[in-house]
Amino acid sequence: MAAAVLAAVVLFMPLRDWIVPWAADQFFAESATRTQNAVDDKLDREGDAFTVSVRDGTESEQTIYTLDRPITGAERQTLYGLDLRSDEGDRVFENLVTSRAKKLAYSLEKADGFSKIWLMDFHSDRDTELSVIGLRAKNLRCTTASAKVIFLFPQQGGGVYEGMFFDLPEKDTPTITGSDKNRGKPFFSFKKIDLGGSATPGGLRVEVSSGTSDCRWVFEATYSDSAGTHTQEITNGGEPFAIDGIPAGEAQRFVVDPGAQPGQRYVIDCAETQTFC
């Protein structure tokens, strides 16, 4: 009996000597892994959750021009004599109007409205996934439109674009645009922008109209991740977003008709005609 007990003790001691260090190694390894995961997760959440590359998309639309000073009598006569089919006519129009103008596009979302378009590319380097679930115009400041001259071009048939639309200053949150069945409804009631992890970087067309107001703002995005809900500002290259509206009626208005026939003026004062004005 004593021999058997002694044998058992001798057998147990090497087993104990192996199990105890192994268990300790497992415990400390798991603890180190948890600590490292917590550190990695903290590092993953440091800094901005995502970046947004912003491009002006107004140029690709049917553009109109606004100027912040009236056209003089001499400039008016120069414009009346332009032949926009010629290189010289294009050069003069560029110098008098295009190079000094602010640009707007005909809005497809607001009747008789004008807008600016920005193309935004969202990207996140985070390993964990997140979703942008809201976007609003923050620090919105609007004043009466200051443009003194409007150059209109005959509106052509426009396409339908997927994206979102802000109708400032009345609404600081967006609606859905394009052919979506929910067009005109709150964007983030039906959609979100998934980023991080294995999500594909998201592109977004943002159209903004401000009616008869000049407006400045930044966007505030609301996003959610495993830690909760957060906000992050989006600027236009470090500057506020800006749009200039169309004055209610006091501005000079001209229509530019590139399709005018020989002998007809390419630039017409709207005070002389209601066509296209």
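Residues: numbered from 1 along the sequence shown. Model, not experiment: these values are computed from the prediction.
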Got a sec, which residues hit ring pair (Phe, Tyr, Trp, His ring centres under 6.0 Å) with Y223, two or more places apart in sequence or on another chain? F50, H230
So which heavy atom on L79 is nearest to which on V97, and how close? CD2-CG2, 4.2 Å
Ring pair (Phe, Tyr, Trp, His ring centres under 6.0 Å) partners for F219, two or more places apart: F166, W217, F241
Which residues satisfy the side chain to side chain contact (heavy atoms under 4.5 Å, CB included) test with S86, sequence neighbours excluded? D83, E88
Does any N or O in the side chain of S99 come within less than 3.5 Å of the main-chain N or O of E94, such that one atom is a donor and the other an acceptor? yes
Kindly write out the residues that satisfy side-chain hydrogen bond (donor to acceptor under 3.5 Å, both in side chains) with D172, not counting sequence neighbours, or none if the list is empty. none
d(K192 NZ, L130 CG) to nearest 0.5 Å is 10.0 Å
Tell me, please, which residues at least two apart from D121 pass side chain to side chain contact (heavy atoms under 4.5 Å, CB included). S53, R55
Can you find a heavy atom in the side chain of F187 that is under 4.5 Å from one in the side chain of T175? no
Residues D180, K191: salt bridge by 4.0 Å N-O rule: yes
May I ask you to decide if S146's main-chain N or O and D214's side chain share a donor-acceptor pair within less than 3.5 Å? yes
Looking at every heavy atom in both S131 and D194, which two are closest together, and how far apart are they? OG-OD1, 2.5 Å
In this structure, CG of N236 is separated from CG of D56 (nearest 0.5 Å) by 8.0 Å
When you measure from the side chain of S209 to the backbone N and O of F114, does any donor-acceptor pair fall under 3.5 Å? yes
Does P169 have any side chain to side chain contact (heavy atoms under 4.5 Å, CB included) partners at least two apart in sequence or in another chain, and if so, which? L140, C142, S213
Applying side-chain hydrogen bond (donor to acceptor under 3.5 Å, both in side chains) to T173 and not counting sequence neighbours gives none
Would you say the ring centroid of F93 lies under 6.0 angstrom from that of Y266? no
May I ask you to decide whether R265 forms a salt bridge with D257, counting only side-chain N to carboxylate O separations under 4.0 Å? no
Output every pair passing disulfide bond (SG atoms under 2.5 Å apart) with a member in residues 78-114, not counting sequence neighbours, ordered by first then second residue. none
Measure across K116 and T58 and return the closest heavy-atom pair with its distance rounded to 0.1 Å. CA-OG1, 3.6 Å
Sub-3.5 Å donor-acceptor pair from the side chain of T78 to the main-chain atoms of A74, do we have one? yes
Is there a donor-acceptor pair closer than 3.5 Å between any side-chain N or O of S124 and the backbone N or O of A49? yes
Return yes if some donor-acceptor pair links the side-chain N/O of S210 with the main-chain N/O of L168 below 3.5 Å, else return no. no
Roughly how far, to the nearest 0.5 Å, is SG of C215 from CD1 of I243? 7.5 Å
Can you name the side chain to side chain contact (heavy atoms under 4.5 Å, CB included) partners of E75, sequence neighbours left out? R69, I71, T72, L96, R100
Not counting sequence neighbours, which residues clear side-chain hydrogen bond (donor to acceptor under 3.5 Å, both in side chains) with S115? List them please. E207
Under the rule for side-chain hydrogen bond (donor to acceptor under 3.5 Å, both in side chains), what residues qualify as partners of Q252, not counting sequence neighbours? none
Report yes if some heavy atom in the side chain of R76 is under 4.5 Å from a heavy atom in the side chain of F254; otherwise report no. yes
Establish, from distance only, whether the side-chain atoms of T66 and D244 form a donor-acceptor pair under 3.5 Å. no
Applying salt bridge (Lys or Arg N to Asp or Glu O under 4.0 Å), can you list everything that pairs with E129, at least two apart in sequence or on another chain? none
